[in-house]
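Structure, as structure tokens:
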2 protein chains.
Amino acid sequence: MTDKRQLLIDTALELFYRRGVNSVGINEVLSASGVAKKTLYHHFSSKNALLLAVLEQRHRVFIGWLAQQLEGAGSNDEVIERLFNGLSAWFEGRVPQLGDYRGCFFVNTCAELSDTDSEVSRYCQYHKWQVRQLIAGALTGESDTLLDAVCLLKEGAISTAYVAQEKCIAERCVQVLRGF
Amino acid sequence: MTDKRQLLIDTALELFYRRGVNSVGINEVLSASGVAKKTLYHHFSSKNALLLAVLEQRHRVFIGWLAQQLEGAGSNDEVIERLFNGLSAWFEGRVPQLGDYRGCFFVNTCAELSDTDSEVSRYCQYHKWQVRQLIAGALTGESDTLLDAVCLLKEGAISTAYVAQEKCIAERCVQVLRGF
DNA sequence: GTGATGGTAGACAGGTCGGTCTACTTTTGT
DNA sequence: ACAAAAGTAGACCGACCTGTCTACCATCAC
């Protein structure tokens, strides 16, 4: 029933993430998935609606992966180590469910938008907030400064790993956090 | 002589930064600047060539502004304070020559590209490297870890200020760096 | 004067975009 | 068995895209 719908989301996520939302047309999603155009517009009212479904899927996958990375960590040091080890693996393409690294899908999508106040950009905001909450839950203690440090370094690493092509940047985040 | 050329670059920078490179067509740049299409293609071989010129201009302006922010700082603490005060002003739109904040133009442009290995993405890489060099020159001492910390937090702040709309994030970077 | 240069306006070509629609087939629930 | 739902292929629409081209105008060096 929702078979084709899921296929469309999977195909679109792959294409949108790899090449950018604006660079991939509906027709390409259709030919890559082998689904008819009518079917797409049966499940989604527009390309934008498809994009929202794609972002939701990516969010679920990413949060699931991150939670799994962090679970069972005993100390803050261990949380930090696991987080940035995970990022390192992502940057090097060693996390199958996240695909070949091409930056943060949510950041990239925001960058492609003309409208700063759209539903899409609000969803990206929500995603980043959820990630922060997940990390906050893993860290023990009440230090907002440590949480800020970890989140900002994480974000910096994600950006730098992509734009400056520095795949080993995550290890340097851990180094930075050692002086904390 | 290069009057129209400069006008095209200025207009394109304004439009490309505000709304994204792929969302702005050549015709819009032309009508906004009041220049004829023939003239654009007389000065630039393609939209991509125009984009490169726009990036170069943005690079010059940004580096100039940053150098001015950092000059005359006596200590590392002062460098940090000036850097993140500057970023704060940028995020809040108080730096006229950088325009209303819409993230890092170079990061955004990379995100819009399909091709990871193009001349444009290499220029963005170069820009980030130059910014790092400028900060490295302002900081005294040999600590690569401090340099990493500053650059990664800076990058994290740029991303977070845009995607999560947290304009006051730069001050929290300074807070983080105090524990250093 | 005259030819090179840089400029104007805008038609045009060839293609892609998102989205609608017709006509037909397959699957599925009851 | 049969109707509703979900699927197929693909023509078509109007709009927009980059880039080329014609035809004409203004300036200026020599």
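Since the structure is predicted, the reported quantities are computational estimates derived from the model, not experimental observations. Below, each value reflects all heavy atoms present in this structure, side chains not excepted, and no hydrogens, waters or symmetry copies.
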With sequence neighbours left out, the residues meeting ring pair (Phe, Tyr, Trp, His ring centres under 6.0 Å) with A:F16 are none
Round to the nearest Å and state the distance from A:L7 atom CG to D:dG7 atom C1'.
13 Å
Starting from P on C:dT8, measure out to CG on B:L30 and report it in whole angstrom.
10 Å
Ring pair (Phe, Tyr, Trp, His ring centres under 6.0 Å) filter on B:F44, not counting sequence neighbours, yields none
Ignoring backbone atoms, establish whether B:H43 has a side-chain N or O less than 4.0 Å from OP1 or OP2 of C:dG7.
yes
Looking at residues at least two apart in the chain, or sitting in another chain, which of them share a side-chain contact (heavy atoms from CB on, under 4.5 Å) with B:A111?
A:N108, A:A111
Which parts of nucleotides 16-21 of chain C does protein reach within less than 4.0 Å, heavy atoms only, written one letter per nucleotide 5' to 3' as B for base, S for sugar-phosphate only and - for none?
-SSBBB
For A:H42 and C:dT25, give me the distance from atom NE2 to atom P, rounded to whole Å.
20 Å
Considering only NZ, NE, NH1 and NH2 on the basic side and carboxylate oxygens on the acidic side, decide whether B:K128 and B:E155 come within less than 4.0 Å.
yes
Nearest-Å distance, CG (B:D3) to P (C:dG7)?
8 Å
For the side chain of B:K4, counting heavy atoms from C-beta on, which of C:dG7, C:dA9, D:dG7 is nearest?
C:dG7
Would you mind reading off the distance between A:Q6 atom CD and D:dG7 atom P, rounded to a whole angstrom?
13 Å
For A:Y101, enumerate each residue passing the ring pair (Phe, Tyr, Trp, His ring centres under 6.0 Å) test, keeping only those at least two apart in sequence or located in another chain.
A:W90, A:F91
In this structure, how many angstroms lie between the C1' atom of C:dA9 and the CG atom of B:L40, rounded?
15 Å
Sequence neighbours left out, what passes ring pair (Phe, Tyr, Trp, His ring centres under 6.0 Å) with B:Y162? Give chain and number order.
none
